[in-house]
Peer 1: 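Please see the structure below; I have some questions.
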Amino acid sequence: MIRNVKMVGPGDFKPMPGAAVGVDFETYYDGSYSVRELGNWAYVHHPRFKAWAVAVTDGATACVCEPSAFPWDSIDGREWVSHNREFDRAVWERLREEDCRLSAVGCRKASGPAAWWCSAAACAFLQLPRDLAGACREVLGVEVDKGVRDRSKGLRGAADVLPFELDLGDAEKAYAANDAVMCLALWREVGPLWPAHERALYELTCDMGRRGLCVDWRTVAEKRQELNNRVESLMRGLPWSPALSAKKFAAACRERGVEPPRSLAAGDAGFGEWAEEYAGTEPGRWAADMAAIRRCGRLAGVLESMEARRKPDGRMAYELKYFGASPGRWAGGGGLNVQNLNRKETEGIDVRKCIMAAPGHVLAVADYSQIEARVLLFLAGDMEALKLLAEHPDWDMYELHARATMGYAENESLKDFCERTGSGLRQLAKARVLGLGFRCGAETFIRVARVMAGLKIGYSEAKRIVDEYRESNPRIVHLWNALEAAAEMSAGREPYEYVLPFPCTQHDPRCGRYLIYRDVAWHPSGKSLTAVVGGERVPLHGGIITENWTQGTARDVLASAWLRCAAAGFKPVLSVHDELVFEVREETAREDLRRITAIMETPLAWAPGLPLKADGKLMSRYGK
């Protein structure tokens, strides 16, 4: 695979003038110590950290050696490329720190790259596989063997003091060099297709995570201990061990003459019914205690993960994955998902409130109000509904939906009406808005209504609601059908790709944002479509396409706001779904929040008629 690349030693590595170089570090990992669990910062600052090789290539020659032996001055001021750059950057920066026992003098003296690009992020933007092997298969048509890396698990640890050159085999050198060569080759293919503004978003995302969050560490430590103590107490109260053994729980239930539930999963409908039936009984208490043990264990694990990421400046490093989902949304990463922290207090702790503003600052939290529901109307061309929303900024999407399609015509707000009368109309409108816009059927709507709106409805009622929604929202139904018809046409002609430009790209092609479904094909049954997204084959129909197009457009609204806020001097410390969180100085907080929400609500040239609403609030601690 690297037969056209010459392997040279550190003294002979002289890259072509001005050429970008691929850089790839190889590090120690084992079953209990990995970057997947710890995240980049905690991984490279762990006592077991060891970078046992670096591979650098200009595409013609490649050098693999210990980081301390590499001539870093030979690539100073060049463009560097790595696959999953933030990992390699974390290794590089750690090796430059004087307190690192592996610190390389050459690393510390080097000025570093003029720019450092990420081929993985560029691939993700193009909705290609993010992993190196998958990306190379899709883009370059070559297979990358990761077997050497897998076999190195648990080897070359901190205690290994053998001379590097004597300890590194030809296969390991070739493997390390090949990763650097492949990421550089990938970059040459995909880099030019990654727009400058998206690269800027990637940098803002990485900078945000490296800066980190201010955390109340005292509360974190106290609550972690409380949770661990509660787990121990609950485990002592169960008459078997290990405490979470489903088999022993079932046997104990049968000893009491009670048939156990088929599943103990909290979201399982059967378990919910069983728990209600046996509430107050000994088996019911056991099940509740087992659920509490799991909750406490998960929460304690989150707090431990936070503590592992505590930097010397007291802030918590974290990672947010740029383009973590196919429509382009951000996702949690690095073993701690800051986008999935509990939204309310659980087992006596609200994890979100452990995140706080730095001294002299407050958190300015700005959240787009029901942005996906607004975007869906925009994409469907329902400008009448959007005009009503713009004319009545006090309405939310549930009230708009109830007035436009459910016959609500009272003078008071829907929320006030329901609170006064006890009506469930708003909850039903919420379930319809959140659940039916992407073509879910009656069976799915039963679950959606329960989870999203707390409604319990039967199949016949769900079927009636679904049919009524579709009859009263013809533009949305037409959107589903039109997108599905276009996808079906793609299945019958080369290159069997369905490429749907997002509104920003329709307005300005330089945005380069497309929804891409590759290798569109009919299911063997001949009744439905499938396509490849991010390297995986998935079902495809009009509802899914509509959902992806809506989510991606909503993402672009947030991305635009993020870039404009940054240009105005406001860089967020956190982003969660449709929300941006900023640290602002106390004395200017109200004005800063006003400016931030004004930026976010500014109409977009590429989305004429789409009314944007951002709810802003100031808080000393993060919360709902």
Side-chain angles (χ1 to χ4, degrees), residues 41 86 197-217 219 306 309-311 313-322 324 328-334 336-343 350-371 554-604 612-624:
W41 189 89
E86 284 301 279
H197 69 280
E198 286 289 342
R199 297 187 192 192
L201 275 169
Y202 170 72
E203 297 297 345
L204 286 168
T205 302
C206 297
D207 290 346
M208 181 177 68
R210 286 196 301 271
R211 179 188 177 192
L213 295 164
C214 189
V215 172
D216 180 352
W217 295 113
T219 296
M306 292 172 69
R309 290 156 175 77
R310 183 176 183 175
K311 301 188 298 174
D313 64 3
R315 298 179 75 93
M316 181 190 76
Y318 70 95
E319 291 159 41
L320 201 61
K321 188 179 291 184
Y322 164 84
R329 284 188 171 275
W330 287 262
L336 176 65
N337 189 351
V338 294
Q339 293 206 327
N340 198 34
L341 300 177
N342 287 354
R343 295 178 62 84
D350 185 339
V351 177
R352 286 186 168 206
K353 288 188 177 179
C354 293
I355 297 171
M356 57 192 290
H361 294 71
V362 295
L363 298 177
V365 182
D367 182 29
Y368 273 120
S369 175
Q370 300 165 328
I371 184 63
R555 175 267 187 195
D556 290 344
V557 171
L558 183 73
S560 175
W562 194 332
L563 289 168
R564 286 180 285 120
C565 284
F570 301 109
K571 293 186 178 181
V573 295
L574 180 65
S575 176
V576 177
H577 306 306
D578 303 313
E579 178 182 83
L580 295 174
V581 182
F582 305 82
E583 271 187 358
V584 296
R585 297 198 63 83
E586 289 177 341
E587 57 267 26
T588 61
R590 293 189 180 279
E591 174 61 15
D592 288 343
L593 180 61
R594 185 198 67 77
R595 291 177 60 194
I596 289 167
T597 54
I599 290 171
M600 294 178 69
E601 292 178 343
T602 300
L604 297 167
L612 300 174
K613 182 179 180 182
D615 298 320
K617 51 192 171 185
L618 299 173
M619 52 185 66
S620 59
R621 292 175 180 266
Y622 182 52
K624 184 176 179 181

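The chain is numbered in sequence order, starting from 1.
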Peer 1: So, does E601 use its side chain to make a donor-acceptor pair with the main chain of A614 at under 3.5 Å?
Peer 2: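 At least one qualifying donor-acceptor pair exists.
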
Peer 1: Compare every heavy atom of A331 with every heavy atom of Q339, then report the nearest pair and how far apart it is.
Peer 2: OE1-CA, 3.8 Å

Peer 1: Heavy atoms only: give me the nearest C214-A357 pair and the separation to one decimal.
Peer 2: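 Looking at all heavy atoms of both residues, the closest pair is SG-O, 3.8 Å.
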
Peer 1: In Å and rounded to the nearest 0.5 Å, what is the CE to CG distance from M316 to L213?
Peer 2: 5.0 Å

Peer 1: Yes or no on side chain to side chain contact (heavy atoms under 4.5 Å, CB included) for Y622 and L341, after CA distance, side-chain angles and deciding distance?
Peer 2: CA-CA 11 Å; Y622 182 52; L341 300 177; 5.7 Å; no

Peer 1: Could you go step by step and tell me if D578 and V557 meet the side chain to side chain contact (heavy atoms under 4.5 Å, CB included) rule?
Peer 2: CA-CA 9 Å; D578 303 313; V557 171; over 6 Å; no

Peer 1: What pair of heavy atoms forms the shortest contact from A561 to I599, and how long is it?
Peer 2: O-CG2, 4.3 Å

Peer 1: Just verifying a value: how many Å separate I355 CD1 and S620 OG, rounded to the nearest 0.5 Å?
Peer 2: 13.0 Å

Peer 1: Return the set of residues passing salt bridge (charged side-chain N to carboxylate O under 4.0 Å, His left out) with D592 (not counting sequence neighbours), or none when no residue passes.
Peer 2: none

Peer 1: How many angstroms lie between NE2 in H197 and CG in L563, if you round to the nearest 0.5 Å?
Peer 2: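 Those atoms lie 7.5 Å apart.
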
Peer 1: Would you check if M306 and L336 make a side-chain contact, meaning some heavy-atom pair closer than 4.5 Å?
Peer 2: yes

Peer 1: Who pairs with Y202 by ring-ring contact (aromatic ring centres under 6.0 Å, His included), at least two apart in sequence or on another chain?
Peer 2: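 For Y202, the residues satisfying ring-ring contact (aromatic ring centres under 6.0 Å, His included) (neighbours in sequence not counted) are W194, Y322.
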
Peer 1: Quick check: do R555 and W330 have side-chain heavy atoms less than 4.5 Å from each other?
Peer 2: yes

Peer 1: Begin with the C-alpha distance, continue with both residues' side-chain angles, and end with the deciding distance and a verdict on side chain to side chain contact (heavy atoms under 4.5 Å, CB included) for H361 and V573.
Peer 2: CA-CA 12 Å; H361 294 71; V573 295; over 6 Å; no

Peer 1: Would you sort out whether V584 and L593 count as a side chain to side chain contact (heavy atoms under 4.5 Å, CB included), showing the intermediate values?
Peer 2: CA-CA 8 Å; V584 296; L593 180 61; over 6 Å; no

Peer 1: What's the shortest heavy-atom distance between T205 and L320, and which atoms?
Peer 2: CG2-O, 3.3 Å

Peer 1: To the nearest 0.5 Å, tell me how far R309 CZ sits from E319 CD.
Peer 2: 7.0 Å

Peer 1: Considering residues at least two apart in sequence or located in another chain, which fulfil the salt bridge (charged side-chain N to carboxylate O under 4.0 Å, His left out) criterion with E579?
Peer 2: none

Peer 1: Show, in sequence, the C-alpha distance, side-chain angles and deciding distance for R621 and D216, and conclude whether the salt bridge (Lys or Arg N to Asp or Glu O under 4.0 Å) test is met.
Peer 2: CA-CA 9 Å; R621 292 175 180 266; D216 180 352; 2.8 Å; yes

Peer 1: To the nearest 0.5 Å, how far apart are CD1 in I371 and NE2 in H577?
Peer 2: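 Answer for the CD1-NE2 pair, I371 versus H577, is 15.0 Å.
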
Peer 1: Using the side-chain hydrogen bond (donor to acceptor under 3.5 Å, both in side chains) rule, collect all pairs that involve residues 559-575, keeping only residues at least two apart or in two chains.
Peer 2: S560-R564

Peer 1: How close do K311 and G212 get, counting heavy atoms only, and between which atoms?
Peer 2: NZ-N, 4.4 Å

Peer 1: Quick one: list whatever passes salt bridge (charged side-chain N to carboxylate O under 4.0 Å, His left out) with R594, sequence neighbours left out.
Peer 2: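 Listed in chain order: E591.
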
Peer 1: From F570 CZ over to L580 CG, what is the distance, rounded to the nearest 0.5 angstrom?
Peer 2: 12.5 Å

Peer 1: When you look at R211 and D313, which way does the salt bridge (Lys or Arg N to Asp or Glu O under 4.0 Å) test go after all the steps?
Peer 2: CA-CA 10 Å; R211 179 188 177 192; D313 64 3; over 6 Å; no

Peer 1: Tell me, please, which residues at least two apart from R210 pass salt bridge (charged side-chain N to carboxylate O under 4.0 Å, His left out).
Peer 2: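 Per chain and number, R210 pairs via salt bridge (charged side-chain N to carboxylate O under 4.0 Å, His left out) with E86, D207.
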
Peer 1: To check you understand the geometry: which heavy-atom pair defines the closest contact between R352 and G623, and what is its length?
Peer 2: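 In terms of heavy atoms, the two residues are closest at NH1-O, 4.1 Å.
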
